[in-house]
Asks: 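Below is one structure. I have some questions about it.
Bear in mind the structure is a predicted one, so any value in this text is a computation, not a measurement. Values reported hereafter were calculated over all heavy atoms of this structure, with side chains retained and with hydrogens, waters and symmetry mates removed.
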Amino acid sequence: MTLVHSKALDETVKVDRVIDHIQGKKGGPTVVFFGGVHGNETAGVFALKDVFEEIRSKKIPVNGEVYAISGNLGALESKQRFQHEDLNRIWFQERIERIVHSREIKHSEEEELSQLFRMLHNILDTGTPPFYFMDLHTTSSDTSPFMVLNDSLLNRKYASNYPLPIILGIEEYLKGALLSYINELGYVSLGFESGQHDDDKAVESCIEFIRYSLTLTQSVNVSEEKRQQLKGVIADSGNAPHRFYEIYHQHDIGSKNDFKMLPGFINFQVIPKGVSLAVVDGVQLKTTKKRQIFMPLYQDQGNEGFYFIRPIPKILLWISKELRRFKIDHVLVKLPGVEWESDQKDTLVVDQRVARFFAKSFLHLLGYRARKFDRSHLIAKNRESASKSLEYADAAWFQE
């Protein structure tokens, strides 16, 4: 058992890797919630205990299976984001091979990954589709609740049912995340950021998110009136508008950098040109034009100082949907400078010396996550090819 303390609630609870697991009626989905993947983010752990205890005490019928899983147990007990390395930055296939299959484990976070990996795949092997994976987080700065997800059409369609700001494309900057690994297996997977680490409102927002998610996935049956009521509570939980945003810049903190975020910045805040954001190695870092800031870093651990985001026009969301639906990428490989990486046809290699019109923003429309291979080449991985959309076809939200 691991002792987890909430500064916000001034409470301590004991948890195992599986906080709780409810096996309900056959025929329902399999829904998995993660809490405490970062050890200083305890709101999800306490919210999951609260909701699962409510389900059990009130004997609320459940369809399918629902899991509540602890993330980084060692970091939760030591009250820090991580002990040796961020658990939410190491989910790379080659590293998983070493840790899980070769059993070459170098530190505690790799052992945590090993245990989570085996549990995750046991759930996939024994559970009944459709599968939903939701990772509960908090932020170091004050924030309205929001969602982050890999930009697949399946993720988009599901997430659009939440009256929250939705951030797309974080996987292109935040590499090795648990949810990115799961999404590349083809399943609905998303992150929910409920508020500031030590704010009791973050726990309450998590509770409401879990309750609404259980009705949306049809794990718990409620009247339409009750579902709309739960949705309304989420809509009222923050002041940022319900729309899609994309990340277009990340400020990386080097291993030798002295980075200090200046006080007072909050998520979704619009910052005028010329405003100092942080001090880096003794030099003030200022905006060069008007920016919208996202996830400013107000904690000691972490390698991402802040992001810049911008709203995505609805017409671009529609265009990207249609381009993906008609698989335009299969036409593009006929152009010079563009080819498939392998016979799997899920990754493009773009020689930008030849195909100069290929920008990351264009590849995003087609459903690709683009990364530099060298100075002249982009490697772009398709977000759509793995999606198991047919497994969700009977869900009410999918048919709307």
Side-chain angles (χ1 to χ4, degrees), residues 1-24 28-77 79 81 87-88 112 115-116 119-120 122-123 127 131-139 145 147-148 162 164 178-179 182 188-217 219-220 222 230 233-234 237:
M1 299 290 281
T2 298
L3 290 174
V4 183
H5 180 75
S6 167
K7 186 176 179 180
L9 302 176
D10 192 23
E11 293 179 18
T12 300
V13 295
K14 292 181 179 180
V15 297
D16 285 318
R17 176 71 68 195
V18 178
I19 299 170
D20 207 339
H21 169 220
I22 296 176
Q23 175 74 64
T30 303
V31 180
V32 181
F33 295 97
F34 298 99
V37 169
H38 290 135
N40 61 332
E41 301 175 20
T42 61
V45 173
F46 280 81
L48 286 166
K49 283 191 68 68
D50 186 284
V51 174
F52 276 67
E53 287 172 3
E54 177 184 49
I55 291 171
R56 291 187 180 280
S57 65
K58 294 183 178 179
K59 298 182 179 179
I60 298 172
V62 171
N63 304 311
E65 289 183 85
V66 186
Y67 288 85
I69 296 177
S70 297
N72 194 334
L73 289 172
L76 280 166
E77 186 147 41
K79 304 180 182 64
R81 182 179 173 88
L87 177 60
N88 210 30
E112 301 275 0
Q115 294 178 22
L116 286 168
M119 178 167 291
L120 167 63
N122 181 64
I123 290 171
F131 293 93
Y132 300 86
F133 297 90
M134 304 182 208
D135 194 5
L136 307 175
H137 285 267
T138 50
T139 62
M147 299 169 67
V148 291
Y162 293 83
L164 293 165
L178 168 61
L179 289 179
I182 295 172
V188 167
S189 57
L190 53 91
F192 175 64
E193 304 273 357
S194 64
Q196 200 274 337
H197 297 327
D198 300 324
D199 189 344
D200 57 358
K201 290 185 295 185
V203 180
E204 189 57 39
S205 291
C206 257
I207 290 172
E208 299 300 342
F209 175 85
I210 297 164
R211 286 173 177 161
Y212 178 64
S213 298
L214 291 175
T215 66
L216 185 59
T217 58
S219 301
V220 173
V222 297
L230 292 170
V233 171
I234 292 177
S237 63

Asks: Within the 4.5 Å heavy-atom criterion, are Asp10 and His5 side-chain neighbours or not?
Replies: yes
Asks: Could you give all pairs that pass the salt bridge (charged side-chain N to carboxylate O under 4.0 Å, His left out) test and reach residues 31-42, with sequence neighbours left out?
Replies: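 Of all non-adjacent pairs touching residues 31-42, those that pass salt bridge (charged side-chain N to carboxylate O under 4.0 Å, His left out) are Glu41-Arg81.
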Asks: Only counting residues at least two apart or in another chain, list the ones meeting side-chain hydrogen bond (donor to acceptor under 3.5 Å, both in side chains) with Ser205.
Replies: none
Asks: First locate atom OG of Ser70, then atom CZ of Phe33, and finally report the distance between them rounded to the nearest 0.5 Å.
Replies: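 It is 14.0 Å, given to the nearest 0.5 Å.
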Asks: side-chain hydrogen bond (donor to acceptor under 3.5 Å, both in side chains) with Glu11: which residues, sequence neighbours excluded?
Replies: none
Asks: Are any of the side-chain nitrogens in Glu112 or Arg17 under 4.0 Å away from the carboxylate oxygens of its partner?
Replies: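 Looking at Glu112 and Arg17, the cut-off is met.
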Asks: Side chains of Leu230 and Glu208: closer than 4.5 Å at any heavy-atom pair?
Replies: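 Yes, at least one pair of side-chain atoms sits under 4.5 Å.
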Asks: Do the side chains of Val66 and Phe52 get nearer than 4.5 Å, heavy atoms only?
Replies: yes
Asks: In terms of the angle between their ring planes, are Tyr67 and His21 parallel, tilted or perpendicular, with boundaries placed at 30° and 60°?
Replies: parallel
Asks: Once the angle between the rings of Phe209 and Phe192 is folded into 0 to 90°, is it parallel (under 30°), tilted (30 to 60°) or perpendicular (over 60°)?
Replies: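 If you compare the ring of Phe209 with that of Phe192, the planes turn out parallel.
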Asks: Among residues at least two apart in sequence or on other chains, which ones pass salt bridge (Lys or Arg N to Asp or Glu O under 4.0 Å) with Lys59?
Replies: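 With sequence neighbours excluded, Lys59 shows a salt bridge (Lys or Arg N to Asp or Glu O under 4.0 Å) to no residue whatsoever.
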Asks: Is there a donor-acceptor pair under 3.5 Å between the side chain of Asp16 and the backbone N or O of Val18?
Replies: no
Asks: Output all residues satisfying side chain to side chain contact (heavy atoms under 4.5 Å, CB included) with Arg56, sequence neighbours left out; order by chain, then residue number.
Replies: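 Partners of Arg56 by the side chain to side chain contact (heavy atoms under 4.5 Å, CB included) criterion, ordered by chain and then number, come out as Asp20, Ile22.
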Asks: Would you say the side-chain atoms of Asp135 and His137 include a donor-acceptor pair closer than 3.5 Å?
Replies: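 On atom types as modelled, these side chains qualify, holding a pair under 3.5 Å.
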Asks: Go through the structure and list residues passing side-chain hydrogen bond (donor to acceptor under 3.5 Å, both in side chains) with Glu77, not counting sequence neighbours.
Replies: none
